[in-house]
Amino acid sequence: MGDQAVYALNDVDLYIPSGEYVSIMGPSGSGKSTLLNIIGLLDKPDSGTYELDGRLITDWSDIEQAQIRREKIGFVFQSFHLIPRLTAAENIELPLILSGVPVAQRQSRVNNALQAFELSARAHHRPAELSGGQRQRVAIARATIMQPSVILADEPTGNLDHQIGAEVMALLENLHHGGTTLIVVTHDRELGARAHRQIGMRDGRILTDHSNDAH
Amino acid sequence: MTLTDTLQTSLKTVISYRMRSLLIILAMALGVAAVVMLTALGNGARNYVINQFSSIGTNLLVVLPGRAETSGSFLGAVLGQTPRDLTLKDAQLIGRLPQVRRYAPLNVGAAELSAANRLREVTVLGSTAHLIPIRHMKLAQGSFLAHGTERAAHIVLGAKIAREFFPHSQAIGQRVRLGGNRFLVSGVLASQGESMGFNTDEIVIIPIDYAQALFNTTSLFRILIEANSHSDIEPTKQAILETLRQSHEGENDTTVITQDAVLSTFDRILHALTLAVAGIAAISLIVAGILVMNVMLVAVTQRTAEIGLLKAIGATSMDIRKLFFAEALWLSLVGALLGFLLGQFGSLLLRLAYPQLPAWAPGWASFAGVGVALITGILASLFPAAKAARLNAVQALSKK
Ligand SMILES: Nc1ncnc2c1ncn2[C@@H]1O[C@H](COP(=O)(O)OP(=O)(O)OP(=O)(O)O)[C@@H](O)[C@H]1O
Ligand SMILES: [Mg+2]
């Protein structure tokens with residue numbers, strides 16, 4: 001019985017068009033994060049295929065997948081995942097460094113991002129000196145600095161109080177209005193309901209997939 | 001990720017873990033400094049000995065009676081033969097060899113010197129005028145057996161003896177008694193102090209004939225020879241041995257020591273000693289390397305979540321590997337350079353404390369010290385860097 005296989009995901013067939021706003025909901029352990037990680041190329045399915053922008057990604061090399069993550073995908077995590085010894089500006093700059101963007105360009109792009117997320121005054125503060133909302137704004141700035149086509153947010157408001165969480169969601173939705181595909185995992189029904197398309201999961205399967213045509 | 005960015009990012013990391021970095025750098029630096037300073041010490045000792053030994057003469061050969069090889073003397077002892085003595089005639093034969101610039105027969109003994117109501121025992125060298133230049137001795141005043149006075153009963157006093165016997169008057173021209181014979185002081189040696197355990201300030205030099213009469217002998221203690229040039233040393237040695245073999249009826253019963261051979265033996269021994277000391281010091285570098293490995297392994301564990309994040313935002317495994325590798329490289333590089341400077345500074349202090357000891361670290365040692373530090377640091381980081389690069393991104397991210 002202990003050897004019984006656990007399927008983090010099972011029989012998932014999902015198509016998300018470019019520019020869509022999707023929320024994924026479901027009880028703990030239902031496979032939401034696993035699905036998000038596969039979409040974000042952090043994890044690989046044991047079987048099955050995954051296509052991104054019409055290209056079959058599953059067989060790509062690690063280096064090619066890293067490049068896709070750099071250029072097309074932005075991650076936002078529940079626990080922010082900022083590097084504690086780097087300032088807000090330096091954390092935001094990281095993806096640019098990894099992509100080999102020249103220093104001169106980096107500076108102005110980081111400054112623009114700091115401004116866009118109202119972090120200019122906090123540019124040279126370390127994460128420990130920032131509030132939860134500010135930290136998540138830094139994380140979102142970092143996720144968007146490369147202008148990715150997809151933003152993947154795994155419970156982005158999970159560590160924030162209600163009001164700050166709503167502000168963060170508004171920022172993410174703003175990105176969606178700019179044309180970015182937005183996929184948000186959340187426990188919060190209210191927040192999940194704001195997405196145009198709501199996916200409900202249970203035991204690794206997609207139970208409900210409901211599109212909201214009102215918007 | 002560009003090389004510059006990799007180096008810059010890792011340098012920032014090194015700086016932000018200030019305490020940890022300082023300790024590692026210190027360990028590396030002490031290892032390198034130990035290599036530099038200990039080799040400086042070894043090299044200094046080597047140069048000290050060589051200088052001392054070179055100062056007793058140039059292209060010097062010494063003939064002494066008897067065979068150095070044990071088998072020869074053993075056979076001689078069994079057959080009841082004693083080695084033939086070296087004689088003045090032998091010395092003259094050697095003097096005629098074309099490779100020989102000059103030679104000096106030598107007798108050594110002790111006798112009582114008396115003058116001006118003083119009396120003391122002195123070491124007596126019996127020789128010819130050539131002894132002075134061959135042995136690199138200098139006369140402060142006067143001369144010794146100058147042209148025309150080769151057979152005169154003249155004596156040269158060591159600087160200290162001259163001061164003792166004639167503290168208030170000119171020593172030259174004074175008459176002294178040595179073992180019952182009267183001598184005229186013709187020269188005083190310049191004070192040279194001790195070299196190779198022999199103090200020329202407390203000797204007297206008299207003509208060889210008088211010395212042989214004084215010590216009642218016809219044999220010589222040594223013959224000192226100066227070859228024409230450095231390249232003549234070995235041919236001179238062979239020629240001397242051949243000359244003496246003929247003179248001694250075909251017996252090889254003398255030994256010729258060259259200053260050069262003794263010097264190179266000393267040189268070899270002290271060089272080997274320096275190498276050994278450098279090797280021992282290098283062990284501390286290996287220890288520092290293990291420390292680097294340990295610290296980097298801890299860093300990988302500490303920064304697991306960070307590594308996962310880097311992968312999530314698009315770092316390749318190679319990027320991660322390079323970042324950790326560069327971090328270790330910085331630690332080793334700064335440690336090695338600091339150690340080099342520390343070592344040079346230490347050597348300088350040594351030279352200031354012991355001016356007669358030329359404690360300069362040989363170039364190869366500084367180079368090897370820094371090189372070994374870098375290589376151990378780099379090797380030690382390979383495993384931790386690979387470990388970091390291999391981490392599974394999802395699992396790493398879930399770690400707090
Ligand atoms: N590394 C792993 N090894 C084995 N099983 C795992 C691993 N990670 C997750 N799982 C399992 O996969 C299933 C889905 O996990 P996942 O993290 O995707 O759930 P989730 O829906 O995100 O839950 P939560 O809301 O608590 O974050 C769970 O049953 C979990 O136990
Ligand atoms: Mg989850």
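Heavy-atom basis, side chains included; hydrogens, waters and symmetry copies ignored. Chain naming here is simple, since letters A, B, ... match the order of the sequence lines and numbering starts at 1 in each.
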Checking [X] against chain B: side chain, backbone, both or neither under 4.5 Å from a heavy atom?
X	value
A/Asp62	neither
A/Glu90	side chain
A/Ile97	both
A/Arg106	side chain

* Asked: So which part of B/Ile313 gets closer than 4.5 Å to some heavy atom of chain A, the side chain, the backbone, both or neither?
  ->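 Both backbone and side chain of B/Ile313 come within 4.5 Å of chain A.
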* Heavy atoms only, distances under 4.5 angstrom: which of A/Arg85, A/Arg70, A/Arg69, A/Glu71 has the most pairs with chain B? Name it, please. =>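 The answer is A/Arg85.
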* Is a side-chain donor or acceptor of A/His81 paired with a backbone partner of B/Leu397 at a separation under 3.5 angstrom? ->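 Pair found, side chain donor or acceptor close to backbone of B/Leu397.
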* To do: Return the minimal non-hydrogen interatomic distance between A/Ile39 and A/Tyr50, and the atom names on each side.
  => O-OH, 2.7 Å
* Taking all non-hydrogen atoms of both residues, which atom of B/Gly369 and which atom of B/Val35 are closest, and how far apart? ->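 Shortest heavy-atom separation between B/Gly369 and B/Val35 comes out as CA-CG1, 4.0 Å.
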* Got more than 12 heavy atoms from elsewhere within 6.0 Å of NE2, A/His124? ->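 It does not: A/His124 NE2 has 12 such atoms or fewer within range.
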* More than 12 heavy atoms of other groups within 6.0 Å of A/Trp60 CH2 ->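 Yes.
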* To do: Considering only heavy atoms and a distance below 4.5 Å, find which of B/Ala393, B/Ala315, B/Ser16, B/Ala312 pairs most often with chain A.
  => B/Ala312
* Looking at B/Thr2, B/Thr13, B/Asn392, B/Asp319, which has the largest count of heavy-atom pairs under 4.5 Å with chain A? ->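 Greatest number of close heavy-atom pairs with chain A: B/Thr13.
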* To do: With the side chain counted from C-beta on, respond yes when A/Asp209 and A/Arg197 share a heavy-atom pair under 4.5 Å apart, and no when they do not.
  =>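 Side-chain contact under 4.5 Å: yes.
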